[in-house]
Amino acid sequence: MPDRAPQPVDRQLPTDEARDLISLVRDIAQREIAPKAAEEEDAGRFPREVFTLLSESGLLGLPYDSEYGGGEQPYEVYLQVLEELAAVRLTVGLGVSVHTLASYALASYGSKQQQVEHLPAMLGGGLLGAYCLSEPASGSDAASLRTKAVRDGEDWVITGTKAWITHGGIADFYTVMARTGEDGPRGISAFLVPADAAGLSAAAPEKKMGMKGSPTAQVHFDGVRVGDERRIGEEGQGFAIALSALDSGRLGIAACAIGVAQAALDEAVTYATERRQFGKPIADFQGLRFMLADMATQIEAGRALYLAAARLRDAGRPFAKQAAMAKLHCTDAAMKVTTDAVQILGGYGYTADFPAERYMREAKVLQIVEGTNQIQRMVIARHLAGPEGR
């Protein structure tokens with residue numbers, strides 16, 4: 001029934017340039033990513049050549065200044081690019097989001113000299129970044145991190161271990177938060193550390209239930225020496241930089257979640273209109289029709305929420321509360337939509353012959369990364385009622 005086949009998302013884009021950009025992304029996604037996505041995820045293969053192509057195509061620095069090789073696109077557009085990529089393969093969509101997060105500190109807080117020296121390679125020179133905040137004993141309580149950076153003349157010596165690092169072991173640079181002073185958030189500074197620095201190493205990647213093609217690993221800093229010119233921002237400003245980066249990063253996760261959910265809905269609609277039982281397509285049964293309607297509604301609501309937050313950001317207005325809301329709603333919606341997609345496919349949905357089970361496994365991690373959804377609720381509540389224990 002081709003008239004019922006899912007159509008590409010009808011996007012509201014601000015410019016002709018943005019529409020051309022989405023067309024380019026869709027072409028790359030269908031030509032270079034989709035054909036190998038399932039096979040490579042199953043094999044746990046990271047598609048570095050895809051990220052090289054994205055860099056060459058100007059898609060790894062979309063929200064940043066064109067002076068340094070960025071695309072100078074509003075977040076409203078950048079996030080819809082992420083959604084398109086994540087719908088085809090989350091390893092790629094989330095990878096672009098993480099790279100953008102890793103570039104944020106230097107792009108937003110770096111000196112002019114630092115930006116001139118490093119940003120062109122980061123945004124369009126084929127490099128891939130990683131963001132190092134979490135540690136084995138400090139995840140949600142990131143301000144308690146123990147990785148230390150000790151001043152030694154004109155250098156800093158970094159010692160410690162970071163955990164749950166996307167692109168750990170394959171990144172070309174790491175944006176690292178390390179303790180340079182007192183306990184708590186005021187004693188943390190940010191550093192740009194090259195992957196080939198002596199003393200930097202990565203553990204074997206974690207064995208995960210989903211996103212097997214995206215390496216997540218501990219990264220060890222054993223007396224890694226970097227010059228003071230690689231410190232980003234002021235001493236003690238690192239935690240504020242990290243939180244500011246995460247506000248934007250959470251919007252990236254929200255967009256990726258909607259991409260995965262949209263892919264799951266499209267798969268469910270296709271299956272339901274083609275699969276026949278009791279003499280008619282199962283999409284004609286009201287129970288399934290209502291499931292599809294609810295799935296579509298959750299996706300549209302999530303897309304509207306993350307875009308509203310993005311437009312606040314683009315206008316220079318506060319958006320932290322809305323970013324937390326978008327991350328919370330979109331990732332919870334993705335979990336529900338992908339679970340329902342498996343249910344609609346029935347036994348086939350539980351097999352690797354169809355992508356629904358992969359979408360379901362991938363959606364779960366989005367409720368955890370860049371601040372669990374419980375942390376998002378805490379953030380939202382603080383905006384509404386003030387800090388706890390006043």
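Put simply, the residue from K212, K208, E41, M211 that forms a side-chain contact (heavy atoms from CB on, under 4.5 Å) with R361 is K212. If you run side-chain contact (heavy atoms from CB on, under 4.5 Å) between S57 and each of I28, V25, L21, only I28 comes through.
By the 4.0 Å N-to-carboxylate-O rule, K327 lies too far from E370 to be salt-bridged with it. Contact check on R186 versus E182 returns no salt bridge, with no Lys/Arg side-chain nitrogen under 4.0 Å from an Asp/Glu carboxylate oxygen. Taking the charged nitrogens against the carboxylate oxygens, E235 and R151 do have a contact shorter than 4.0 Å, which makes a salt bridge. Here R303 pairs with E83 in a salt bridge; the nearest charged N to carboxylate O distance falls below 4.0 Å. With salt bridges taken as basic N to acidic carboxylate O contacts below 4.0 Å, one links R289 and D284. Ion pairing between R311 and D314 fails under the 4.0 Å rule for side-chain N and carboxylate O. Looking at R48 and D172, a side-chain N of the basic residue comes within less than 4.0 Å of a carboxylate O on the acidic one, giving a salt bridge. Ion pairing between E135 and R146 fails under the 4.0 Å rule for side-chain N and carboxylate O. By the 4.0 Å N-to-carboxylate-O rule, K336 lies too far from D332 to be salt-bridged with it.
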Worksheet item: Step by step, would you call H167 with F46 a ring pair (Phe, Tyr, Trp, His ring centres under 6.0 Å)?
Response: CA-CA 9 Å; H167 302 156; F46 181 74; 5.5 Å; yes

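For the pair R230 and F191, the cation does not sit on the ring face, since its NZ or CZ is not both under 6.0 Å from the ring centre and inside 45° of the axis. Cation-pi geometry between K280 and F285 is met: under 6.0 angstrom from the ring centre, within 45 degrees of the axis.
Looking at Q115, its side chain does come within 3.5 Å of a backbone N or O of A107 through a donor-acceptor pair. The closest donor-acceptor contact from the side chain of T270 to the backbone of E267 lies at 3.5 Å or more, if one exists at all. Remark: side-chain polar atoms of S55 are not paired, donor with acceptor, to backbone N or O of F51 under 3.5 angstrom. Without hydrogens or angle criteria, S66 side chain to G69 main chain gives no donor-acceptor distance under 3.5 Å. At least one donor-acceptor pair closer than 3.5 Å links the side chain of R179 to the backbone N or O of A143. Panel note: side chain Q376, backbone G371; a donor-acceptor pair is recorded below 3.5 Å. Side-chain N or O atoms of H220 include none that pairs as donor or acceptor with a backbone N or O of S201 at under 3.5 Å.
A 4.5 Å side-chain heavy-atom check between Y131 and L133 finds at least one atom pair inside the cut-off. By the 4.5 Å heavy-atom criterion applied to side chains, T273 and P281 are not counted as neighbours. Between Y306 and Q80, some side-chain heavy-atom pair lies under the 4.5 Å cut-off.
Open room surrounds CD on Q343; 12 or fewer heavy atoms of other groups in view lie less than 6.0 Å from it. Environment of CD in Q12: sparse, with no more than 12 heavy atoms of neighbouring residues, nucleotides or ligands closer than 6.0 Å. The 12-atom threshold is exceeded at CZ of R31, counting heavy atoms of other residues, nucleotides or ligands nearer than 6.0 Å. Heavy atoms from other residues, nucleotides or ligands lying under 6.0 Å from CD of E234 number 12 at most. Atom CD of E229 has more than 12 heavy atoms from other residues, nucleotides or ligands within 6.0 Å. The number of heavy atoms from other shown groups lying within 6.0 Å of CG (D222) does not exceed 12.
Using cut-offs of 30° and 60° on the angle between ring planes, the pair F221 and Y174 is perpendicular.
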